[in-house]
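Each remark here refers to the structure printed beneath this line.
Because the structure is a prediction, the values reported are computed rather than measured. Order of the sequence lines sets the chain letters (A, B, ...), proteins ahead of strands, with each chain counted from 1.
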Amino acid sequence: MPELPEVEVICQGLQSHLLNQTISSVYCSGKDLRIPIDCVALQTELLNSAITSLRRRAKYLLLKTDNGAALIIHLGMTGNLGIFPAGTALKKHDHVCWTLGNNTELRYNDTRRFGSIRLLKPETSSSDEKAFFAAIGPEPLSRNCSTAYLMQRAVNRKQSVKSFLMDSHVLAGVGNIYANETLFKAGIHPEQPASSLSAKQWERVLTVLRKTLKHAIACGGSTISDFVNASGEGGYFQMNFKIYGKTGEPCETCGEIVQKKQVGGRASFYCRKCQPISTNTCDER
DNA sequence: CAAGTTACCTGACGGC
DNA sequence: TGCCGTCAGGTAACTT
């Protein structure tokens, strides 16, 4: 479910509920996520420490406590974090629950268990954090992501531009929905090789991507099936989808029927007229 | 080494 | 009603 905008919305929504709260107990369902959960370690490292910060990097949430420990949380496809009154009934697929000092609980719910919760111990959390995030590409909304950077990374890459945009080692936080939307608005076919885009096209991709991500964050993210923010409210950016999930419908721009095709193993939606497969070799480069 | 494929897991949906 | 196949927002290990 969650791509950069959804994780950002959750992060912002949780801030006021979590900051300065002391963790008084930790519950685990016993089922593992994508990586095993060490419940004993979660208890020993976090108990009676206070949450000092929460921020997003890529699709990860980084939560730090005053004893120097940290959690790196990923929501996978169906993960979510929410605040609930302490003691109320757990829901199906609630896998980790942190009781906080103000009589509330932070709960991690994840139907498919594709998410992950990594615990960084106080002694090594700083270097572990750096190492973990070093492998991930720059934030598309930050200044250190530029047209020049994307062009340079795309040199000699025969891979489709869509897979390239979704590669977390290249760019942080871009998933299937926003890759589809961005390429539609930029007028670029998802299967065009990354190395074949002109400077002008890369500029358009980055501009459109940033605009789309910001718009989605402002809308509270996209709700497909079950996404909700920390207060249990869905986002409404899905109302603004131009191409994602529109198979068989007329293109909003030109009326051509929207196509669906697997690209890099992921469902890809595009308009044949608005996103022509360009074999531009030298003219625009 | 780059790029494509598969596995991880549950649930919703459509066809029969 | 139910059984079966297909599909789903992500990531990383594996294969080619």
Can you find a side chain N or O atom of [X] that sits less than 4.0 Å from OP1 or OP2 on [N]?
X        : N      : value
A:Arg266 : C:dC7  : no
A:His74  : C:dT11 : yes
A:Lys59  : C:dG9  : no
A:Tyr244 : C:dG9  : yes

Taking [X] first and then [Y], would you say they form a salt bridge - that is, a charged N and a carboxylate O separated by under 4.0 Å?
X        : Y        : answer
A:Arg107 : A:Glu105 : yes
A:Asp167 : A:Arg157 : yes
A:Glu181 : A:Lys242 : no
A:Arg55  : A:Glu129 : yes

A:Phe84-A:Trp98 aromatic ring centre distance below 6.0 Å: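 No, too far apart.
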Protein-nucleotide distance (A:Phe269, atom CZ; C:dC7, atom P), rounded to Å: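 Computing the A:Phe269:CZ to C:dC7:P distance gives 11 Å.
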Whole-Å distance separating the CG atom of A:Asp32 from the P atom of B:dT10: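 In whole Å, B:dT10 P lies 12 Å from A:Asp32 CG.
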Pairing annotation in dot-bracket form, given for DNA chain B with Watson-Crick or G-U pairs under 3.5 Å and | for cross-strand partners: .|||||||.|||||||
Residue A:Tyr60, side-chain heavy atoms: nucleotide from C:dA8, C:dT11, C:dG9 that is nearest: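 Minimum distance to the A:Tyr60 side chain belongs to C:dT11.
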Under 3.5 Å between N/O atoms: give me all the protein pairs with nucleotides 7-9 of chain B, atom names plus distance.
from: B:dC9; atom 1: O4'; to: A:Arg112; atom 2: O; distance (Å): 3.4
from: B:dC9; atom 1: O3'; to: A:Arg113; atom 2: NH2; distance (Å): 2.8
from: B:dC9; atom 1: O2; to: A:Arg112; atom 2: NE; distance (Å): 2.8
from: B:dC9; atom 1: N3; to: A:Arg112; atom 2: NH2; distance (Å): 3.3

Heavy atoms from other residues, nucleotides or ligands near CG of A:Asn240 exceed 12 (cutoff 6.0 Å):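 Counting neighbours around CG of A:Asn240, more than 12 heavy atoms of other residues, nucleotides or ligands fall under 6.0 Å, so yes.
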Anything under 3.5 Å between a protein N or O and an N or O of nucleotides 2-6 of chain B, put it in a table, one pair a line.
from: B:dA3; atom 1: OP1; to: A:Lys158; atom 2: N; distance (Å): 2.6
from: B:dA3; atom 1: OP1; to: A:Gln159; atom 2: N; distance (Å): 3.1
from: B:dA3; atom 1: OP2; to: A:Arg157; atom 2: NE; distance (Å): 3.2

